Protein chains: 2
Amino acid sequence: MPRAGLTPSRVVDAAIELVDKHGLPALTLAAVAEHCGVAAPSLYKHVSNIADLRTLVGIRVMEEMTDSFTATVLGRSGTDAITSLMRAYRAYVTAHPARYAAVPVNPLHQQEYAASGRRMLGVMQAALRPWQLDENELIHTIRAARVIVHGFASLEAAGGFGLPHDLDETYERLIRLFLATLPPL
Amino acid sequence: MPRAGLTPSRVVDAAIELVDKHGLPALTLAAVAEHCGVAAPSLYKHVSNIADLRTLVGIRVMEEMTDSFTATVLGRSGTDAITSLMRAYRAYVTAHPARYAAVPVNPLHQQEYAASGRRMLGVMQAALRPWQLDENELIHTIRAARVIVHGFASLEAAGGFGLPHDLDETYERLIRLFLATLPPL
DNA sequence: ATCTTTAGCTATGTCCAATAGCTTTTAAGA
DNA sequence: TCTTAAAAGCTATTGGACATAGCTAAAGAT
């Protein structure tokens, strides 16, 4: 009975591979266990239950997204930073469409996701800092950005648009649309 | 053994009540059967399987949405029609948040939903008719509208926004944002 | 009144999540 | 090096959901 050397993190790795390959609904403990070369109940040594695993996957994905956003915003500012951030959002989702379904839509309201959610929010707030928006304006502005990036990304990830034809153009228009709501610097 | 008098439509009625009460994940054949006062396997006389039931629920919801959109757009035109259509979209989703999760994001690409999807799309196209947009422009315009209404509605339905505080204002801003992309009439 | 259709039923199989309880690896410490 | 305790794996089992097979009785048609 040699050990497989699992850890929660390696279980999440396997889970994400499964999600990438077969979609979020294919994320079952049985499938993860087989992928890890282990019997299903063994996973409970590393993960509390299937809900916990889904949460860990969601957090992992959010962290990956935030890492990517941080990298792209660093060294940019103003509209350049906002544009690259919005492009990076879409880029992550097109690169890993199935993963995006694992991200909860209300992370700030769920204890387990709150930290990741705040971290992601922080990048957007930082990118908007040059505008020095007051609190009320900042809320509406961030909401608008979120509606656009999430709306577009969730539709694209799920194949919600007809032809891929000109999807870049549609997204660039939406970015310009959003930038137009910001006061000139 | 008196009969329950089920039909596919009445099964969908029960399914939608369940979804409204306990959310989409609570839509199981066992729960629907109990709600109908019938044993679970009896449902297979009216519905092919759980996937079929989910599809029927999704179609029902899309039809309801389109009915509401049609009613609100009739007798209006121009920006007034667009505004009322976008408000109606949100209004349906806030009135029945759980149902919205049953609507597929890519209806035009799934045979079973295609008719409902085209009908809904038709309302939007009709509302945009006064602008006489060329085909390319029409595609981008409809996509932008969809991103905004779906993005906002899916976030709101899932509790994705923080405080409900000022959500009306956020949405009205997005409507104005979209209208601003349309050429003046 | 009879016959056919079909809407219901029970029984059963499969799959997944989850728990209980056992065994063996592994690593820490005497 | 030997002992021992923690923990990582296992098998067995339960419960719930979907699904099918095959039976029975209600309801409509002739």
Side-chain angles (χ1 to χ4, degrees), chain A residues 1-61 98-99 101-102 104 110-113, chain B residues 1-61 98-99 101-102 104 110-113:
Chain A
M1 222 197 264
R3 296 216 173 164
L6 290 187
T7 63
S9 177
R10 293 192 60 85
V11 172
V12 172
D13 293 345
I16 285 186
E17 279 184 47
L18 261 171
V19 170
D20 282 344
K21 251 188 264 179
H22 302 111
L24 191 63
L27 177 56
T28 68
L29 288 175
V32 172
E34 178 170 5
H35 193 282
C36 294
V38 136
S42 306
L43 294 178
Y44 288 89
K45 299 286 170 165
H46 308 283
V47 144
S48 306
N49 48 45
I50 184 70
D52 182 36
L53 176 57
R54 291 196 193 108
T55 299
L56 293 174
V57 168
I59 290 172
R60 168 77 66 86
V61 172
R99 290 185 201 180
Q110 296 182 245
Q111 188 63 34
E112 322 86 292
Y113 293 103
Chain B
M1 221 195 264
R3 296 216 174 166
L6 291 186
T7 63
S9 178
R10 293 192 60 84
V11 172
V12 173
D13 293 344
I16 285 186
E17 279 184 49
L18 262 171
V19 170
D20 282 343
K21 252 188 265 180
H22 302 113
L24 191 62
L27 177 55
T28 68
L29 288 176
V32 172
E34 178 169 5
H35 193 282
C36 294
V38 136
S42 306
L43 294 178
Y44 287 89
K45 298 287 170 164
H46 307 284
V47 144
S48 307
N49 49 45
I50 184 70
D52 182 36
L53 176 57
R54 289 195 194 111
T55 299
L56 293 174
V57 168
I59 290 173
R60 169 77 67 85
V61 172
R99 290 185 201 179
Q110 296 182 245
Q111 187 63 35
E112 323 86 293
Y113 294 103

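A, B, ... follow the sequence lines: proteins, then strands. Residue 1 opens every chain. Just so it is clear, the model here is predicted, and its values are computed rather than measured.
- Projected onto DNA chain C by closest heavy-atom contact, A:Lys45 and A:Leu29 fall at different nucleotides, the more 5' of which corresponds to A:Leu29.
- Protein atom OH of A:Tyr44 is 12 Å distant from nucleotide atom C1' of D:dT14, rounded to whole Å.
- Side chain of A:Ala30, nearest nucleotide from D:dA17, D:dG9, C:dC16: C:dC16.
- Here the nucleotide nearest the side chain of B:Pro41, chosen from D:dA21, C:dT19, D:dG9, is D:dA21.
- Residue B:Ala40 is classed as having no contact, given no heavy-atom separation below 4.0 Å to the nucleic acid.
- For A:Ala4, taking side-chain heavy atoms from C-beta onward, the closest of the listed nucleotides D:dG9, D:dA17, C:dA18 is D:dG9.
- Residue A:His46 places at least one side-chain N or O under 4.0 Å from the OP1 or OP2 atom of D:dG9.
- At most 12 non-hydrogen atoms from other residues, nucleotides or ligands lie less than 6.0 angstrom from CD of A:Glu34.
- Across all strands, A:Ser42 comes closer than 4.0 Å to base atoms (heavy-atom distances).
- Here the nucleotide nearest the side chain of B:Val38, chosen from C:dA17, D:dG9, C:dG8, is C:dG8.
- Listed candidates were D:dA8, D:dT20, D:dT11. Nearest to the side chain of A:Ala39 is D:dT11.
- Rounded to 10 degrees, the angle between the two end axes of the helix from C:dA1-D:dT30 to C:dA30-D:dT1 is 0°, with five pairs used at each end.
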